[in-house]
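Reviewing the structure listed below.
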Amino acid sequence: DGTWQFQLATYAWLAGQEGTAATLPGLPPADIDIDFWDDIADNINGALFLVGEARKGPFGFTMDVAYTDIESDSAIPGQYFTTLTSRTQSWIVSAAGFYRFYEEERAFLDSLAGVRYWSVDSELSLSGGPLSTYAVDNREDWFDPILGFKGLTMLGDSKFFLSGFLVIGGFGAGSDFMWDINANLGYQWTETFSTTFGYRYLDVDYENDDFLYNVSQDGIVLGLSWRF
């Protein structure tokens, strides 16, 4: 109807991590393997996830902010150290404009383009041997151009709906390649309030000089959304 419409949402991403991270030359890459069901409750130090959207007519703007602080310990064979502690603190902030190129009364599909900012602080600590603890820490920041789609469709005449997005990016400008996919089953409790249950998979491959961050995250997503 040509008026501004807004959406605010918070979500919990119950994700594990798997991949490889390295910080300094001379040290082998550290394998990251944190299974959500077995490990995440003991290894997550903090998390924050927020989404905001504003739309007028077919044009709009969306922003997604995700922060995680995950730490894990693993035994390593060695004469001088027996334990490797890996801690990764990451900010992922996405900002994009979108265009609603398909819309019906109970369904829509948007194309989007924007940028994703990454800030990854990776710390490796060796301990448990005859030598004192040895730690290395490195932080990398980069930007990825992103392209993608997002959409929603109601299921028949019910209050249930399917929603999701697919985003790809990097293309060598920041990371070599990044892709992010999410699918949800939701329920529209009122005209303005809804909840979702779904799954999200994120994979990024970034390497710059001696810094390596080739990590995937996947797991269940629980969301609360308010439209006004």
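These numbers come from the heavy atoms of this one structure, side chains and all, not from hydrogens, waters or symmetry mates.
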Inset, instruction - For residues W118 and Y206, establish whether the separation of their ring centroids is below 6.0 Å. - result: no
Inset, instruction - Please check if atom CZ in R139 has more than 12 non-hydrogen atoms from other residues, nucleotides or ligands closer than 6.0 Å. - result: no
Inset, instruction - Measure across A66 and F49 and return the closest heavy-atom pair with its distance rounded to 0.1 Å. - result: CB-CD2, 3.6 Å
Legend entry - CG on L109 to CZ on R100, rounded to 0.5 Å: 9.0 Å
Inset, instruction - Kindly determine whether F171 and F177 satisfy side chain to side chain contact (heavy atoms under 4.5 Å, CB included), including the steps that lead there. - result: CA-CA 5 Å; F171 313 117; F177 189 71; 4.1 Å; yes
Inset, instruction - Give the intermediate values and the outcome of side chain to side chain contact (heavy atoms under 4.5 Å, CB included) for residues F193 and T195. - result: CA-CA 7 Å; F193 178 72; T195 57; 3.9 Å; yes
Legend entry - Within-4.5 Å side-chain heavy-atom neighbours: V65 and W91: yes
Legend entry - Y213 side chain to E140 side chain, donor-acceptor N/O pair below 3.5 angstrom: no
Inset, instruction - Mind listing the closest non-hydrogen atom pair of R106 and L155 along with its distance? - result: NH2-O, 4.5 Å
Legend entry - Gap separating the CG atom of L152 from the CD atom of E103, nearest 0.5 angstrom: 10.5 Å
Legend entry - Shared hydrophobic cluster, I168 / I181 (ILVMFWY, side-chain heavy atoms < 4.5 Å): yes
Inset, instruction - Would you kindly say whether S175 and D205 are connected by a side-chain donor-acceptor distance under 3.5 Å? - result: no
Inset, instruction - Look up atom CD1 in I92 and atom CZ in R116, then write down how far apart they are to the nearest 0.5 Å. - result: 6.5 Å
Legend entry - For the student: nearest non-hydrogen atoms of W13 and Q217, plus distance: CZ2-O, 3.6 Å
Inset, instruction - Determine the interplanar angle of the W4 and F6 rings, folded into 0 to 90°, and report it as parallel if under 30°, tilted if 30 to 60°, perpendicular if over 60°. - result: parallel
Inset, instruction - Supply the atom-to-atom distance L8 CG to W226 CH2, rounded to the nearest 0.5 angstrom. - result: 6.5 Å
Legend entry - Single-linkage hydrophobic cluster F165~L224, side-chain heavy atoms < 4.5 angstrom: no
Inset, instruction - Compare all side-chain heavy atoms of Y102 with those of F108 and state whether any distance is below 4.5 angstrom. - result: no
Legend entry - Beyond-backbone contact of L185 with L162, side-chain heavy atoms, under 4.5 angstrom: yes
Legend entry - Over 12 non-hydrogen atoms of neighbours within 6.0 angstrom of CZ in F149: no
Legend entry - Shortest non-hydrogen contact between Y11 and G223, atoms and distance: CB-CA, 3.9 Å
Legend entry - Matching residue for F59 among F98, F101, Y99 - test: ring-ring contact (aromatic ring centres under 6.0 Å, His included): Y99
Inset, instruction - Give a yes or no on whether the backbone of N214 and the side-chain of T20 come within a donor-acceptor separation of less than 3.5 Å. - result: no
Inset, instruction - Begin with the C-alpha distance, continue with both residues' side-chain angles, and end with the deciding distance and a verdict on side chain to side chain contact (heavy atoms under 4.5 Å, CB included) for D180 and M178. - result: CA-CA 7 Å; D180 191 358; M178 177 277 303; 4.2 Å; yes
Inset, instruction - Heavy atoms only: give me the nearest L112-A96 pair and the separation to one decimal. - result: CD1-CB, 4.1 Å
Inset, instruction - Might you work through the side chain to side chain contact (heavy atoms under 4.5 Å, CB included) test for F161 and N184, ending with a clear yes or no? - result: CA-CA 8 Å; F161 62 87; N184 305 293; 5.8 Å; no
Legend entry - Within-4.5 Å side-chain heavy-atom neighbours: D203 and W179: yes
Legend entry - Approximate separation, where rounding is to 0.5 Å, of L222 CG and T196 OG1: 7.5 Å
Legend entry - Pairwise side-chain contact, Q7 with T62, heavy-atom cut-off 4.5 Å (strictly under): no
Inset, instruction - For T68 and L48, indicate whether the former's side chain and the latter's backbone hold a donor-acceptor pair under 3.5 Å. - result: no
Inset, instruction - Measure the OH-CG distance between Y67 and L50 for me, rounded to the nearest 0.5 Å. - result: 14.0 Å
Inset, instruction - Indicate the atoms forming the closest heavy-atom contact of V120 with S90, along with that distance. - result: CG2-CB, 4.2 Å
